[in-house]
Structure formats: structure tokens, C-alpha cells
Number of protein chains: 2
Amino acid sequence: MIRFLRFDSMMIFDFFNSVNNLSSESQAALEQIIIEKTYLKSDIIQDIGSRCKTVYFVKDGCARIFYFKDGNDITEHFSFENELIVRAESLFTGKPTSKGIQAIDRSTVLSIDSESLFELYNQHHDIERLFRLLFQKEYVNTVKRIESLQFKTAKERYEELLETTDYVQKIPLKYIATYLGITQVSLSRIRADVK
Amino acid sequence: MIRFLRFDSMMIFDFFNSVNNLSSESQAALEQIIIEKTYLKSDIIQDIGSRCKTVYFVKDGCARIFYFKDGNDITEHFSFENELIVRAESLFTGKPTSKGIQAIDRSTVLSIDSESLFELYNQHHDIERLFRLLFQKEYVNTVKRIESLQFKTAKERYEELLETTDYVQKIPLKYIATYLGITQVSLSRIRADVK
DNA sequence: ATGATTATTTATCATTTGTAAAAAGTTTTA
DNA sequence: TAAAACTTTTTACAAATGATAAATAATCAT
């Protein structure tokens, strides 16, 4: 990690306000608990283990959520610009998580302490709504991903992913393979086929 | 569908209040927009097509969300007692859905018009929070399901499902098979193996 | 209860994906 | 820049799952 700033807020609040308009008091309160951090390629943002107490938001770059299954590194999720990075199964349950977060490329993320954030919900209805809407978007993405994993072929899933964002080009193949639920070898075969 | 009542509220509000306590005004307002319906086995609760404008809550029984892919009936989701039935990809985006809802067994569900509900959010912070928490639980379930579909074997997924609720025993195998992302024939093989 | 319908199992063969190991290509770093 | 480290592709073989068809079992409607 190379930078750790109190935060140069303008751009992000433009985006936040476009999702749900915040009062100036709410904006000021939220600004107080946001910390901006920049990570280099492959930096670990949050290690595996412990309870998740942070909500991350990708300002710039790309990150992944990963875990180990039978010794293999599995990518569960990719987060791109203006998206949350959420380990919901821990953040919303208080249970420990076996998942970590890693920057894939040089990335700037906003780090928000979840307890402070949830505390703000009590005084600032508009902040609760903003994050409800952001989480809701993640929820919809997750439902779409199930449809994809449940009955699409690996090839269909790969082609679908290619269309989501050009950023995919920058992601190492091994991460993409496990994200699609297949091995690197399989993905390599699929790519040979597609060409 | 056999009953269509204005609603015999007590029990459900016990549950709702245990998730997030509601003021008596909020409770009264919410009661106004809840309609209780009872469906018989295999009844269609919501047909495929159209935009989803209803939030359902299973008071008793069991339902599934399904769609057709290449002419095959695919079960995407099961909802059991005290859980929402949500077609998030339509409800939260306003886009039409290709998914329907069917009662698996005789079931009593609460039907809530989503526009009326979202309207209530503006006056009743506690109602917004209640539903945020209910949706959040669905989101966590969805994330767990991805982990399952992404890298567990069909056999592991089947055994995992068996442990979630005894209600599974009542669900026809063909629904379970597609929910697990496999064919009926494969599931039958797995069951023969497990015994 | 009986026949019709629907659900489940079994069998066969084809296809997809996994595992392991090696080769080829790329990136990092001393 | 060269060596080392890492990533991607290829190959060969094994295992899991799919597709199809047919047989059996269970359920439903009259």
C-alpha cells in the first residue's frame, strides 16, 4: 500500500449523490469516516480470517475476493470502479470470514469502518439509503451470477465476462478461471476454441 | 389460490419485530398494504414475464422461483418459512423478469405491493430498515450459494441442501436437480451412490 | 380401483472438465 | 541482459456429468 490519505472527496460524492442525494450534514459525517488508500498490483487489502468490519469502495482499479479450497486459490468476486467490495457473509452476520481481498492492479479504494457506518445510519436516513442501494446492486449482480453458474456452459460464462468490462483484459487468467468455476487448463482449452 | 384475506397479522409482526422493532404507526401502515394469500400445491403465484412489483414473504409452506432455459424448467431458488421470495433482478431494476414463482406445497404467503412498500420507506425509517435486513439475509444466502455452485461437486451441493431444512424432503427431485445445476438423471445417480 | 400421467431409476454412450506433468511464453529482478 | 520466477498452453489420460431411451415406481383424476 502506498498512500493513506484523509481523502480528496469531490469525485466520489458526485457519484454517491447520483445514487442517492445526501444532505450536506450527511456528506460531512460520511467524509469523516472515509479513508482513501492506494494499493499496488497484487497487494493484499484484507487478509483471510477475522471478522469483516470494513466496507470498501473501488474508486479506481480492480480488486478480487478470494479464498482457498483444498489448497487452491479461488476467486469469488471481482470489483471494478464505483463498486463495493463486500464480504457479505461476514459483514452482515458478524461471523469470521475465510475470504481475503486483493488488489489485482494498482487501485485506489475507499475504506469505511462498518461499525461507524452503521452508527451513522441511525442519524442519517439518507446514508442508510445510499448504502442500501449500493448493496442492492451487488445483490442483483450476485443473483445474475447464480443464473450463469447454474446452467451456462463455461464457454458461455467466459464470453459473458468478456463483455462486462474491458478491465477483464488486465486480470490474470488463473483468477478468471476459478471465478468461472473451472480450472486454468479448461479455460485455456476454451480460449483455444474461441479463436 | 384458495384464500385471499385482509390478513390475520399477529404472528408475522412478532417475527418482523424480532428483526427490527417497528413503531405502532409503522406497523399499522405496513398492515394496510399486506395481503395474505394461500396457494395449493403447484399453484403459480406469479407467472413469467412482466415487471416484478411484489415482495412476497412465506408465512407457511414453500415456494420456488423458476425459469425456462432451452425449454427446460430450471429452479433458481427455494423460499421457506419466514423468508422473502424476491426476483431481485426485476424488483430492484424495473426490468422485466423471465422468472416465475410457484408454490411447491400448500403455502400461505404475504403479498406486498413493492411501490407501496418503497413509498412507506420515505415516512417510516424502521420499515425501510426491516426490509433492508430481510433482503440482506437473502443476499448472504445468495453469496453462499455461489460458493457452492462455483467449486463444490454436485454430490456436495446435494448433501449441503439436505442439511438446510427438512422441508427438502417434500420437494420433487426434478426441482432439486435443476436447483443444483444438474439433470434429474445425475441427481438420481448421486442418490443411488449416497445410500 | 383403474388407467393416465408424472416422477424416478437404470443403462449406454458422448462430451466436458479435472489432474498431472511438461513445454512455451511472459514478467520480474538481481 | 540473463536467470529465476511465474503464467499460460498443451498433451494424455481419468472422472464426472450430459443426452437419450427405456423400464419401473409413484401419484392423480375420474
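Worth knowing before you read on, the calculation uses all heavy atoms, side chains too, and leaves out hydrogens, waters and symmetry mates. Lettering of chains follows the sequences in order, A, B, ..., and the numbering in each one begins at 1.
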Fill in: For atom CD1 of I104(A) and atom P of dT7(D), their distance in whole Å
13 Å
Worksheet item: Under a 4.5 Å cut-off applied to non-hydrogen side-chain atoms, are Q46(B) and C52(B) in contact?
Response: no
Item to complete: Check whether NZ of the Lys or CZ of the Arg R129(B) lies under 6.0 Å from the centre of the six-membered ring of Y121(A) and within 45 degrees of that ring's axis.
Response: no
Item to complete: Return the value, rounded to whole Å, for the distance between atom CG of L173(A) and atom C1' of dT27(C).
Response: 15 Å
Fill in: Residue A154(B), side-chain heavy atoms: nucleotide from dT17(D), dT8(D), dT19(C) that is nearest
dT17(D)
Item to complete: Quick one: sort the F135(B) and Y139(A) rings into parallel, tilted or perpendicular, breaks at 30° and 60°.
Response: tilted
Worksheet, complete the sentence: Separation of dT7(D) atom P from N72(A) atom CG, nearest Å, is 14 Å
Worksheet item: Should R191(A) be listed as having a side-chain N or O under 4.0 Å from OP1 or OP2 of dT8(D)?
Response: no
Discussion item. Can you see whether Y167(B) has K170(B) sitting over its ring - NZ or CZ less than 6.0 Å from the centre and within 45° of the normal?
Written reply: yes
Worksheet, complete the sentence: Separation of dT9(C) atom P from I176(B) atom CD1, nearest Å, is 11 Å
Practice prompt. Answer yes if the ring centres of F151(B) and Y67(A) are under 6.0 angstrom apart, and no otherwise.
Written response: no
Worksheet item: Mapping Y175(A) and K152(B) to their closest nucleotides on DNA chain D, which lands nearer the 5' end?
Response: Y175(A)
Worksheet item: Which heavy atom in L91(B) sits nearest to a heavy atom in V55(B), and how many Å separate them?
Response: CD2-CG2, 3.8 Å
Worksheet entry | Whole angstrom value for the distance that separates P of dC28(D) from CG of D105(B) | 11 Å
Worksheet entry | Selection: residues 179-187 of chain B, any non-hydrogen atom under 4.0 Å of DNA chain C | Q184(B), V185(B)
Worksheet item: Can you check the K155(B) NZ to dG18(C) C1' distance for me, whole Å?
Response: 17 Å
Practice prompt. Quickly work out the I190(A) CD1 to dT17(C) P distance and round it to whole Å.
Written response: 6 Å
Item to complete: Measure the distance from CG on D73(A) to P on dT7(D) and round it to the nearest whole Å.
Response: 10 Å
Practice prompt. Identify which nucleotide among dT8(D), dT10(C), dT28(C) has an atom closest to any side-chain atom of K41(A), counting heavy atoms from C-beta outward.
Written response: dT28(C)
Discussion item. Can a donor-acceptor pair be found, under 3.5 Å and without considering hydrogens, that links the side chain of T178(A) to the backbone of T75(A)?
Written reply: yes
